[in-house]
Amino acid sequence: MASSTLGAQAPTRSCDIAVIGGGLLGSAFGWGLARRGQVCQVFDEGDTAVRTARGNFGLVWVQGKGLGMGRYARWSLQASRLWRGFADELEAATGLDLAYSRGGLRFAHSEQDLQATVNNLKQIQSDMVEEAYQFETLEHSALKKRLPLVGDIAGATFCEHDGHCNPLMLLRALHQDMQRLGATYRPNTKVERIEPLAGGGYRLLDGQGERLCEAEKLVIAAGHGSRALAEQSGIELPIHADQGQVIVTEKVASAFSYTSDIIRQTDNGSFLLGASSRDVGMDTRTDLSTLGQIARECVQVFPFLRQLRMQRAWGAVRVMTPDGFPVYQHSKSYPGVFSFACHSGVTLAACHALEAAQWVIDGAIPSDFDDFHPKRFHVQASI
Amino acid sequence: MIHKVDIAIIGAGPAGMSLAQSLVSGDEKTRPPSVAVIDEQKDGGGQVYRAALRQAPDLASVLGQEYQSARPWLQEASQNPDIQFYFRTSAWNIEPREDGVELALVSAGRNWRLRAKRLVLASGAMERPTPFSGWQTPGVMTMGAAQTLMKDAGLVPDQPLVLLGSGPLLYLFAKQLLQSGVSIQAVLHTGPRGLRAAAWAAFWAALPGNFSPLGKGLLWRMQLALARVPQVFNVAEVVAQPDPQDTAGGLGALRYRVGGHWHTLQTGLVLVHDGVVPNTHLAAACGCSLTWDQQQACWRPELDETGRSSQSQIWALGDGARIMGSEAARWQGVAMAPALLESLGYQPSAANLARCQEAQRRLAPLQRLRRFLDAQFPPAGAFSEISDDTQVCRCEAISAGEIRRIAGLGCSGVNQARSFTRVGMGPCMGRQCGASVAKVLAGAQGKPQSALGYFTVRLPLKPVTVGDLCALEADAPASG
Amino acid sequence: MFKRLSEPKAPVTFEFEGQPLKGEAGESIAAALLAAGIIDLRRSGEDDSPRGPYCMIGNCFECLVWIEGQGSRQACREPAREGLKLRRHPGRPDPQAFGGGS
């Protein structure tokens, strides 16, 4: 059990690396850095902050990702390959069950839909060149054989690299274990200002100008809060909020052991129905017309869902970049300040923790990841 | 189908009924606003006057004079043609909009929507959750639940039972049980035998204008003593144990501690009560700010002096706003009407204003009475020092020990606790466990309970199926 | 556990786990079951422990039952009706048994 390190009591002190953001992105870095022996502090907001991590669907997803950017497709595939070992390590250290399992379907309601998906996946295969992953196309009858409860839909594509996990347990495991490894978690502490220090390194301050800590390097992973902090560090961060809504049903006996992009059954027995996209700023509310659409779409796939009680519904805001691909940057003017933004916090957690954390220690993002630099948006990326 | 009214009131208890009645009974010349009253029950009265409109006379007399006396005015309000009543109806979504609110309702399986310029939450109280080890065992029920069974279905316990806890309801219900011929095995008081030292001053202050309720309370206490029911005071801890022989897993015994000594009562039925708190589920769901009430140790909606919440189109009154009791709730309905009418551009009638003044006068002694009750019946320690093995969240079976474990991770409040442990994620959506989780976290982190916050509330506010969602019109307007 | 102070005026017959029971039309299913001596209406989906009515006003969801053709319902909010077929709620019902009904 980690010792209690509450933000309010934590004194100002220095550390190797400060991570701003305690969600899935920030925690993956915090854990990855702590396990490499770095002294780090992870800053988080309060109990009711707008959080993307708590609204997560829980997919470790590869299928269809990276259409138009082979680098992202390969990165997602790498995440999927790392995930089992990543989960094993966290589970062994914390005793928690992350409920990671593999096999993902993308349902197609119509023949055209199925054909379009297949074409997209083939395009991605050719972009990925020799590293491409395989997928299976299942017509209705083949699908019905695997999933007897499926309704009258055209079919699905299946990919063995897709999977799902319990994202809430993932977040808790990262928090629990990074503290065991010596990281300091500082909740209720919103970083508002970054100041460079004369002898190198940075000072973090809150809204009242109170000094929070001094660090050699910074990781900005504060989701929607990242933009303002990145700007202070000479990093242009083109992100916007993208709302997804999710319906959770009552718990039922296990009926769907794979996962899919719109329906998954959690290890607790509930079905999650969702994955809508609506551009509404920072609105976390739900709206009935979107929920109605989600419900109708999912009931077509599994008619039995109709009878289930809706347990809960929520709106969560994803961090979206203009093209949907990650934006990773190392500031030119503020060396040692890194910013990471993406909407696939669960999938990429394994990559962030096991690979990207080392980049921060090394002080540079490998040139192989130049595609993730926002210069692709033809904006002036650094000052 | 979207129906429109000026004012929608959720809850047909004393607060909602009296408000509805006051809103439509202005002077004869002006057209009254359109008022809709929504309630889950089949008729008006709320929990306190549940079934008063259809009660058999013999049972009504057991339930007492105050219960009976509500009948005429409830009847009058129920028959008012200017009020639209929607009984057996639940609001499962409330969407605040710039010009009012939109409610998603379900009545007997039929989904419909209602738009109102003002929404009044008159959703009443709920019993303060009383977590203790084994409280999820069948055979442990709230006293309010047993009273509901009595009022609604004419059911009384047919086996010896134990009453546990504190508060005026304990004495009232004991009296009602004795009068119905039920045998009470023991009364376990979590409080002291007499008045608390802190309550004396409030008692003397409350006395003028409250002879009748205070006298009644004294009488109930005497009746309990005269019935020679064994009574134990200052019970500090309790544990419910299932009967190992019972295939239904029902209650077998209740263990309790007084001072340093444990005792055991063999019993199959324990009715527990620790006062009531505002049911803030709807207010929280609407995004109304809540404020911590130190005196009553609970959250309540933050309201201005007229009853308006932080969401200007949403108002609240009665025990759902602050525990004041049923009589106060009724007067609050009268008192709120003029300001609510004015907010919609209606000129309150002279009669309305006069009644409002009368109501304000009647509320003053009731406030003094409440200060005494708050001082005499604070939340019981027996349910506050929650043992590690107590299931604070009954839905997800999460123990207090589990909450204490995550408290050490720097958990910043109940919402983070929810995502780390699933506490409050079950079907009751945290109604039963929110306060307990905050209490346990607060204890573990050395903070005041109010610093740990309350659960954000998501739809549905009442159960609906995925099929109900499918039936929502595809062209329904998006949120505004 | 509980007894009626007077006999039902409008009796209805329904089933719980195949056992025919009598109740009063319109009273809650929870009341009718308690009057019939049935207290454990469900099993917890988490620890499989038996659960029964607790708050009786729709807040606690401890009194969930399975109504054939309808699914999980709160026994304290659902009126007793002639011919209802009820089952003890298993905690996690099996979707195979649902059918695609409305």
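Per chain, numbering begins at 1; letters A, B, ... match sequence-line order. Model, not experiment: these values are computed from the prediction.
Surrounding CD of A/Glu89 are more than 12 heavy atoms belonging to other residues, nucleotides or ligands, all under 6.0 Å away. Few gaps surround NZ on B/Lys42; more than 12 heavy atoms of other groups in view lie less than 6.0 Å from it. Atom NZ of B/Lys117 sits in a sparse spot, with 12 or fewer heavy atoms from other residues, nucleotides or ligands closer than 6.0 Å.
No side-chain donor-acceptor contact under 3.5 Å links A/Arg296 to the backbone of B/Gly467.
A/Glu250 does not touch chain B: none of its heavy atoms, backbone or side chain, sits under 4.5 Å away. Neither the backbone nor the side chain of B/Val457 comes within less than 4.5 Å of any heavy atom of chain A. Heavy atoms of A/Asn166 lying under 4.5 Å from chain B are absent altogether.
Within residues 420-432 of chain B, the residues that have a heavy atom under 4.5 Å from a heavy atom of chain A are B/Phe420, B/Thr421, B/Arg422, B/Met425, B/Gly426, B/Pro427, B/Met429, listed by number.
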task = Test side-chain contact (heavy atoms from CB on, under 4.5 Å) on A/Leu288 and B/Trp92 and set out the steps.
result = CA-CA 11 Å; A/Leu288 297 187; B/Trp92 62 269; 3.9 Å; yes
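For residues 164-177 of chain A, the set of pairs meeting the salt bridge (charged side-chain N to carboxylate O under 4.0 Å, His left out) definition, not counting sequence neighbours, comprises A/Arg172-B/Glu402, A/Asp177-A/Arg180.
Atom CG of A/Leu308 is separated from atom CG of B/Leu469 by 11.5 Å, given to the nearest 0.5 angstrom. Note that CZ of A/Arg309 and CG of B/Asp468 are 12.0 Å apart. Values are rounded to the nearest 0.5 Å. Atom CG of residue A/Asp47 and atom CG of residue B/Asn415 lie 4.0 Å apart, to the nearest 0.5 angstrom. To the nearest 0.5 Å, atoms CG (A/Asp287) and CD (B/Glu102) are separated by 10.5 Å. Distance check: B/Cys470 SG to A/Ile294 CD1 gives 11.0 Å after rounding to the nearest 0.5 Å. A/Gln176 contributes atom CD, which lies 5.0 Å from atom CG of B/Leu409 (distance to the nearest 0.5 angstrom).
A 4.5 Å side-chain heavy-atom check between A/Arg306 and B/Val466 finds every atom pair outside the cut-off. At least one side-chain heavy atom of A/Lys251 sits under 4.5 Å from a side-chain heavy atom of B/Glu396.
If you tally non-hydrogen atom pairs under 4.5 Å between each of A/Asn268, A/Asn188, A/Leu96 and chain B, the highest count goes to A/Asn268.
Across every non-hydrogen atom of A/Pro187 and B/Gly410, the tightest pair is CG-O, 3.2 Å.
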